[in-house]
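Comments concern the structure below.
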Amino acid sequence: MKSAGIRAAHVICPSVHEIDFPLVAPDWLGLYGPIVLDTAAIETSDPELYRWLNRGNTVIVCMGTHFHYSESQVKAVIGGFLGAIDRDSNTQFLWKLPNLRV
């Protein structure tokens, strides 16, 4: 990324070499692992969420911030979730979705 004596910026990447696609990282790309802020324990920061999480097994669904669901995709995923669990289980799902009417 150097050109005509111009030094490239160092890019910080929230990644670790061992779990990403095989690649040869250029010198300007720094793989520093997860980048997170120190936070208080959930028991302190959000007692209501803590109680909810402890009601049963919780499946957290995270498809990424750039993934957009259609209504039919939401219904298919919900159907898959419900088909995969025992109806009498305490399994609960935490899934952030935009305001969709399904």
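Model, not experiment: these values are computed from the prediction.
- From L53, atom CG reaches atom CD of E43 across 10.0 Å, with rounding to the nearest 0.5 Å.
- Although no hydrogens or angles enter the test, the distance criterion places a donor-acceptor pair under 3.5 Å between the side chain of D46 and the main chain of L49.
- Taken to the nearest 0.5 Å, the CG atom of N90 stands 7.5 Å off from the CG atom of N57.
- The two residues A40 and S45 have their closest heavy-atom pair at O-OG, 3.9 Å.
- Atoms OH and CD1, on Y50 and I42 in that order, are 9.0 Å from each other to the nearest 0.5 Å.
- Here the shortest heavy-atom pairing between Y69 and V61 reads OH-CG1, 4.4 Å.
- More than 12 heavy-atom neighbours from other residues, nucleotides or ligands sit within 6.0 angstrom of CG on N54.
- Nearest heavy atoms, T58 versus Q92: OG1-NE2, 2.9 Å.
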### Query
Would W95 and V77 count as a side-chain contact (heavy atoms from CB on, under 4.5 Å) if you check the C-alpha gap in whole Å, the side-chain angles of each, and the deciding distance to 0.1 Å?
CA-CA 11 Å; W95 184 19; V77 172; 3.5 Å; yes

### Message
One pair to check against side-chain contact (heavy atoms from CB on, under 4.5 Å): F81 and T91. What are the steps and the verdict?
### Response
CA-CA 10 Å; F81 289 159; T91 303; over 6 Å; no

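- A distance of 9.5 Å separates CG in D27 from NE2 in H10, rounded to the nearest 0.5 Å.
- In this structure, CZ on F93 lies 6.5 Å from CG on L82, to the nearest 0.5 angstrom.
- Annotation: side chain of L94 is in contact with side chain of W52 (closest heavy-atom distance under 4.5 Å).
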